[in-house]
Protein chains: 2
Amino acid sequence: MSDLLERLRGRGWRMTAQRRVVAEVLDGDHVHLTADEVHSRAVVKLPEISRATVYNTLGELVSLGEVLEVATDKRAKRYDPNAHRPHHHLVCAQCGAIKDVHPGGNPLADLPDSERFGFTVSDVEVTYRGVCPNCAATTTTA
Amino acid sequence: MSDLLERLRGRGWRMTAQRRVVAEVLDGDHVHLTADEVHSRAVVKLPEISRATVYNTLGELVSLGEVLEVATDKRAKRYDPNAHRPHHHLVCAQCGAIKDVHPGGNPLADLPDSERFGFTVSDVEVTYRGVCPNCAATTTTA
DNA sequence: ACTTGACTTAGACCTTGTCCATTGTAGGAT
DNA sequence: ATCCTACAATGGACAAGGTCTAAGTCAAGT
Ligand SMILES: [Mn+2]
Ligand SMILES: [Mn+2]
Ligand SMILES: [Zn+2]
Ligand SMILES: [Zn+2]
């Protein structure tokens with residue numbers, strides 16, 4: 001993640017304790033936190049950080065292309081630091097757990113011209129849904 | 001759509017003017033309205049229908065499997081009466097227009113076991129994004 | 001026609017997210 | 001080392017989408 005901070009400084013980003021903390025919270029694999037989750041975790045490290053700053057910083061990271069917005073459920077947006085490797089998502093329908101996945105195939109090629117309604121199609125987003133091992137175990141035991 | 005109303009009555013649904021109007025508003029192809037859009041249109045036919053009733057009725061239609069919730073943008077949920085023919089969506093990134101599409105291929109088969117993290121994967125949702133003919137024309141002219 | 005439980009209503013309330021005026025500060029200039 | 005100032009942070013108001021409740025209404029079985 002210091003990679004990220006270096007790159008941002010290079011882009012003229014003013015480095016502040018708040019921004020550092022947000023970047024730290026977003027470190028890791030399969031991380032897809034809501035803005036409020038980012039805020040809760042940031043508060044542990046920097047008690048006075050405000051909600052507005054978290055939203056601002058996430059918004060900037062998104063515009064800079066360093067973080068992705070993901071909308072897997074129909075509630076809050078989630079923020080995904082894995083922006084440099086294209087991927088899709090696998091979501092547990094019960095607990096909401098989200099994994100990054102890299103399916104084979106080319107879904108764009110699977111959309112015939114007759115199904116394009118004259119659109120210029122540039123992008124496709126795939127969301128797999130199922131039940132995670134954890135939830136499966138809990139349900140069968142109960 | 002009277003098919004739908006018959007089926008619902010058969011399931012013990014009490015038939016009211018409000019429910020009839022909501023069902024009417026949701027008739028047609030490529031229909032993906034937000035709850036508030038449903039409400040505005042319903043009000044034209046039945047001026048005193050309330051927002052709460054629209055939300056209640058949509059929620060019931062979703063539980064009954066007669067209407068789908070679609071979250072193509074990150075704002076309001078959209079309600080889709082085309083629940084009996086599985087399909088995916090093609091969305092205009094500029095104006096938000098949504099078309100129902102039926103791609104070939106089998107995205108489920110494209111997710112290798114090594115990318116399933118022990119999940120039982122049961123469903124996949126594909127969203128294509130692009131620019132609709134209308135928006136393309138407007139942009140090139142301007 | 002009567003009865004009753006399901007349905008509808010208005011509005012309070014919640015969550016997520018944005019906006020703004022004010023206060024604070026990072027980092028270059030001296 | 002200190003000063004300066006443009007940029008950043010803050011808290012609170014605001015807005016949109018959505019949920020919940022208490023009270024009134026009505027569809028439909030008898
Ligand atoms: Mn991801
Ligand atoms: Mn549809
Ligand atoms: Zn789970
Ligand atoms: Zn368009």
Side-chain angles (χ1 to χ4, degrees), chain A residues 5-25 32-64 66-80 96, chain B residues 5-25 32-64 66-80 96:
Chain A
L5 295 181
E6 281 312 317
R7 244 180 302 148
L8 293 173
R9 212 185 321 251
R11 295 219 217 182
W13 236 43
R14 182 180 289 186
M15 194 47 51
T16 68
Q18 290 84 350
R19 287 173 169 185
R20 223 183 325 267
V21 165
V22 169
E24 278 171 28
V25 165
H32 306 90
L33 299 170
T34 66
D36 274 337
E37 287 166 353
V38 171
H39 183 237
S40 316
R41 295 180 190 208
V43 161
V44 175
K45 301 179 170 224
L46 186 69
E48 294 317 312
I49 190 173
S50 71
R51 241 167 47 88
T53 294
V54 169
Y55 274 100
N56 287 342
T57 305
L58 290 172
E60 286 158 13
L61 289 170
V62 170
S63 327
L64 292 170
E66 298 290 348
V67 164
L68 299 175
E69 270 180 359
V70 178
T72 48
D73 58 43
K74 285 143 194 164
R75 319 201 53 171
K77 294 176 201 167
R78 294 181 171 273
Y79 292 88
D80 182 345
Chain B
L5 294 181
E6 280 313 317
R7 246 179 299 149
L8 294 174
R9 210 183 326 249
R11 295 220 217 182
W13 237 43
R14 181 180 288 184
M15 194 45 52
T16 68
Q18 290 84 349
R19 288 172 168 185
R20 224 184 325 266
V21 166
V22 169
E24 279 170 29
V25 165
H32 306 90
L33 299 170
T34 66
D36 275 336
E37 287 166 353
V38 171
H39 182 236
S40 315
R41 295 178 190 209
V43 161
V44 175
K45 300 178 169 221
L46 186 69
E48 295 318 313
I49 190 172
S50 72
R51 237 167 116 267
T53 294
V54 170
Y55 275 100
N56 287 341
T57 306
L58 290 173
E60 285 158 14
L61 289 170
V62 170
S63 327
L64 293 170
E66 298 290 348
V67 164
L68 299 175
E69 269 181 359
V70 179
T72 48
D73 58 44
K74 288 148 193 163
R75 319 201 54 172
K77 294 177 204 167
R78 294 182 171 274
Y79 293 89
D80 183 344

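Worth knowing before you read on, the calculation uses all heavy atoms, side chains too, and leaves out hydrogens, waters and symmetry mates. Protein chains get the first letters and strands the later ones, always in sequence-line order, with residue 1 at the start of each. Treat the numbers as computed from the prediction; the structure is a model and nothing was measured.
The line from CD of A/Gln18 to NZ of A/Lys45 is 14.0 Å long, rounded to the nearest 0.5 Å.
The nearest whole Å value for the distance from the CG atom in A/Leu46 to the P atom in C/dG24 is 16 Å. Remark: P of C/dA10 and CD of B/Glu48 are 6 Å apart, rounded to the nearest angstrom. To the nearest angstrom, P of C/dC14 lies 17 Å from OH of B/Tyr55. Between B/Arg51 atom CZ and C/dA12 atom P the separation is 13 Å, expressed in whole Å. For the pair B/Glu60 CD and C/dT8 C1', the computed distance is 11 Å after rounding to whole Å. In this entry the distance linking CG of A/Leu33 with P of C/dG17 reads 13 Å, nearest Å.
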* To do: Quick one: do A/Glu37 and A/Val25 satisfy side-chain contact (heavy atoms from CB on, under 4.5 Å)? Show the steps, please.
  => CA-CA 9 Å; A/Glu37 287 166 353; A/Val25 165; over 6 Å; no

* To do: Using the side-chain contact (heavy atoms from CB on, under 4.5 Å) rule, take A/Val22 and A/Ile49 through it: C-alpha gap first, then chi angles, then the decisive distance, then the call.
  => CA-CA 10 Å; A/Val22 169; A/Ile49 190 173; 4.2 Å; yes

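The closest side-chain heavy-atom distance from B/Thr57 to B/Tyr79 is not below 4.5 Å. No side-chain heavy atom of B/Leu61 sits less than 4.5 Å from a side-chain heavy atom of B/Arg19.
Residues A/Arg78 and A/His32 approach most closely at NH1-O, 2.7 Å, considering heavy atoms. Closest approach of B/Ala76 and B/Asp73 over heavy atoms only: O-OD1, 3.6 Å. Taking both residues in full, the closest heavy atoms of A/Ser63 and A/Gly59 are given as OG-O, 2.8 Å, listed atom of the first, atom of the second, then distance. Between A/Ala23 and A/Leu5, the shortest heavy-atom contact is CB-CD2, 3.7 Å.
You can see that DNA chain D meets the heavy atoms of chain A within a 4.0 Å-exclusive cut from D/dA6 to D/dG11, reading 5' to 3'.
For DNA chain C, the neighbouring residues in residues 67-80 of chain A, judged by any heavy atom under 4.0 Å, are A/Ala76, A/Lys77. For the segment residues 8-16 of chain B, residues with any heavy atom less than 4.0 angstrom from an atom of DNA chain C are, sorted by number, B/Arg14, B/Thr16.
A close approach under 4.0 Å does not occur between any side-chain nitrogen or oxygen of A/Gln18 and OP1 or OP2 of C/dG24. Between C/dT9 and B/Thr53, a contact under 4.0 Å exists linking OP1 or OP2 to a side-chain N or O.
For the pair B/His39 (side chain) and B/Tyr55 (backbone), a donor-acceptor distance under 3.5 Å is absent.
Ionic pairing of A/Glu66 and A/Arg11 is present here: one or more N-O contacts between side-chain nitrogen and carboxylate oxygen are shorter than 4.0 angstrom.
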